[in-house]
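Notes to accompany the following structure.
Index from 1, following the sequence. Order of listing sets the numbers, starting from 1, for every ligand and every atom in it. Note that the structure is predicted; figures quoted are calculated from it, not measured.
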Amino acid sequence: MTSDDDHDFDLFGDLDVDEQKQAAARQATMNQANEARLNHLIQQHKSPQDRSIASNRWIYKYIRHHTMMDANLPTLLPQLLSTEECCHIMDHIPSASSNDWTTARHSAFPTTDIPIGTCPPLQYLTSLLQQRLVDSVLAPAYGFAPGQLGFRDLFLVRYDSHAQQGLAPHTDGCLMSFTILVNTPDDFDGGGTQFFITPPRKTTESEDAVIVVRPTRQGDAVHHDACIKHQGLDITRGQRILLVGFVDTIDVIQKDQFAQQKQGQAPTSRRI
Ligand SMILES: O=C(O)CCC(=O)C(=O)O
Ligand SMILES: [Fe+2]
């Protein structure tokens, strides 16, 4: 089969007319069952606070799938951290030559990063961001109750015009993610996060809408659905320091950590 044949490949092409009708009927039944489940969950318990983590997770994924992310466009939160808070972080970041910076924590699309948990003077950021961002902003924005979401990973990223300048297009292995600009936009040229938004009923790659979000102030945050393809644009001068969070429901985070511990692995997160 040539690549042109590949392009024209029709998933249901091998089905005869009866089989196609059966497949369509099965799909319609599944859609109805999902709609009924959604209505039931929402009518029984109107607020995310009254629903279980698993129900909110299911609703989030269902709505994401059916609206093709319209509801979850990247959102900028101006100065989530104050200038003073960012300067405090900058004062405690290990130097660029320190061995604390790792480059192999994420097997695909690795960054030059330090997990916050391994940097004692910055460990307070986990509870600060859990309260100020995850419970207060992300939970209500994505249909969860405070306490249902947590960090799969929280880490500092360093881009350097003479080392790793950016990050290729990927998705994050979690439900939603955020980045916070820790140094100032004057410290580098280029950079910013580029998102590829898939429109409903997309037919070709070229139809992705491209949005570039470039925070203009130190402490600005951007959060987004982790499934939206995105990339860190290259910087051409200086350093760009980010605080990045991969957020997921706490039940799934705990389950994964337990499985990793059982296999003797350190907790990991991934990009896809
Ligand atoms: O560099 C950026 O703007 C995005 C970072 C990112 O996507 C990630 O760390 O997964
Ligand atoms: Fe990412």
- Task: Report yes or no: does His170 have a heavy atom closer than 4.0 Å to ligand 1?
- Result: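 Under 4.0 Å: yes for His170.
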With a 4.0 Å cut-off on heavy atoms, does His106 reach ligand 1?
->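 No heavy atom of His106 comes that close to ligand 1.
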re atom 3 (O) of ligand 1, the protein heavy-atom contact at minimum distance is Thr193 OG1, 2.5 Å
Shortest protein heavy-atom distance from atom 1 (O) of ligand 1, along with the residue and atom involved
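Protein heavy atom at minimum distance: Tyr159 OH, 2.6 Å.
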_Minimum-distance N/O/S atom that Asp172 presents toward the Fe ion (ligand 2)_ =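 Closest N, O or S atom of Asp172 to the Fe ion (ligand 2): OD1.
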Q) Any idea which N/O/S atom from His170 gets closest to the Fe ion (ligand 2)? A)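 Nearest N/O/S atom: NE2.
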Would you confirm whether [X], through its side chain, and [Y], through its main-chain N or O, come within 3.5 Å as a donor-acceptor pair?
X: Gln131; Y: Leu128; value: no
X: Arg240; Y: Asp160; value: no
X: Trp58; Y: Ile53; value: no

All heavy atoms of Cys174 vs all of Met176, minimum pair found to be SG-O, 3.4 Å
Closest non-hydrogen atoms of Leu156 and Val182, given as atom of the first, atom of the second and distance, are CD2-CG2, 4.4 Å
key: Phe246 and ligand 1 - part of the residue with a heavy-atom distance under 4.0 Å   =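 Within the 4.0 Å criterion, Phe246 contacts ligand 1 through side-chain atoms alone.
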Mind running side chain to side chain contact (heavy atoms under 4.5 Å, CB included) on Arg152 and Leu175 for me, showing each step along the way? CA-CA 10 Å; Arg152 194 174 265 290; Leu175 287 184; over 6 Å; no
Quick check on contacts: which atoms of ligand 1 are under 4.0 angstrom from a heavy atom of [X]?
X: Leu242; value: 1 (O), 2 (C), 3 (O)
X: Arg240; value: 1 (O), 2 (C), 3 (O)
X: Arg271; value: 8 (C), 9 (O), 10 (O)
X: Gly232; value: 1 (O), 2 (C), 3 (O)
X: Val244; value: 9 (O)

Query raised in the report: Any N or O of Asp172 that comes nearer than 3.5 Å to an N or O of ligand 1?
Result: yes
| Would you call the rings of His106 and Phe155 parallel, tilted or perpendicular if under 30° counts as parallel and over 60° as perpendicular? |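 His106 vs Phe155 ring planes: tilted.
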Between His88 and His92, how do the two ring planes meet: parallel, tilted or perpendicular, split at 30° and 60°?
tilted
So how far is it from Asp172 CG to Asp225 CG, rounded to the nearest 0.5 Å?
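Answer rounded to 0.5 Å: 9.5 Å.
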